[in-house]
Amino acid sequence: MSKERTLSIIKPDAVAKNVIGQIYQRFEDAGLKIVAAKMKHLSQAEAEGFYAVHKERPFFGELVAFMTSGPVMIQVLEGDNAISKNRDIMGATNPKEAAAGTIRADFAESIDANAVHGSDAPETAAVEIAYFFSSIELN
Ligand code: UDP
């Protein structure tokens, strides 16, 4: 096992539903520690930059509109195998396909409004953490 850090975002749908605390509890129950956090209402440019890898995908415009529709809660999670562990507790991208007991199965409505983001690999985690947090903000 290796200690890793991953970037997590609680998306506007879950923030609006007032379930930040319940999702944080899932992180803690999984042994993931919150080592940095901020709430932010993303601008169009910030959302487009974050999801730049998806800019050619047909859903890009809707994804950016959704991610800028309200504030998000952004955090860095740390723990053993944090990247895959967070992906496991998030569940599948489409909540209809997400395993029972996962965050998306319990809190998400649709593939667009799917409650959480989590980095998918060490390289993307490093880029995504640096996108939102400077080194002095990481504890
Ligand atoms: N997404 C969407 N429609 C799709 C596929 C993806 O709106 O058909 C959105 C969804 O919010 C997803 C994000 O784009 O979380 C990024 O897609 P990815 O395949 O990377 O899924 P994730 O890593 O978030 O599970």
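Both ligands and their constituent atoms are indexed starting at 1 by order of listing.
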Can you tell me the protein heavy atom closest to [atom] and the distance?
| atom | result |
| --- | --- |
| atom 12 (C) of ligand 1 | Asn114 ND2, 3.6 Å |
| atom 11 (O) of ligand 1 | Lys11 NZ, 3.0 Å |
| atom 23 (O) of ligand 1 | Arg87 NH1, 2.8 Å |
| atom 21 (O) of ligand 1 | Thr93 OG1, 3.3 Å |
| atom 10 (C) of ligand 1 | Ile111 O, 3.2 Å |
| atom 4 (C) of ligand 1 | Phe59 CD2, 3.5 Å |

Using the ring of Phe132 (Phe, Tyr or Trp, six-membered ring only), decide whether Lys40 places NZ or CZ under 6.0 Å from its centre and within 45 degrees of its axis. no
Mind telling me whether Tyr131 and Phe50 have parallel, tilted or perpendicular rings, with 30° and 60° as the class edges? tilted
Any N or O on [X] sitting closer than 3.5 Å to an N or O of ligand 1?
| X | value |
| --- | --- |
| Arg104 | yes |
| Arg57 | no |
| His54 | yes |

Check [X] against [Y] and note the closest heavy-atom contact, atom names and distance.
| X | Y | value |
| --- | --- | --- |
| Thr93 | Arg104 | CA-NH1, 3.3 Å |
| Thr102 | Asp88 | CG2-O, 3.6 Å |
| Ala105 | Ala99 | CB-O, 3.2 Å |

Compute whether any side-chain donor of one residue and acceptor of the other, for Tyr24 and Gln75, lie under 3.5 angstrom apart. yes
NZ (Lys55) with more than 12 external heavy atoms under 6.0 Å: no
Among the heavy atoms of Met90, does any lie under 4.0 Å from an atom of ligand 1? no
Atoms of ligand 1 less than 4.0 Å from Leu63 heavy atoms? 9 (C), 11 (O), 14 (O)
Close-contact set for ligand 1 against Asp112 heavy atoms, below 4.0 Å: 7 (O), 11 (O)
Please determine whether residues Leu138 and Leu77 belong to a single hydrophobic cluster, defined as Ile, Leu, Val, Met, Phe, Trp and Tyr linked transitively by side-chain heavy-atom distances below 4.5 Å. no
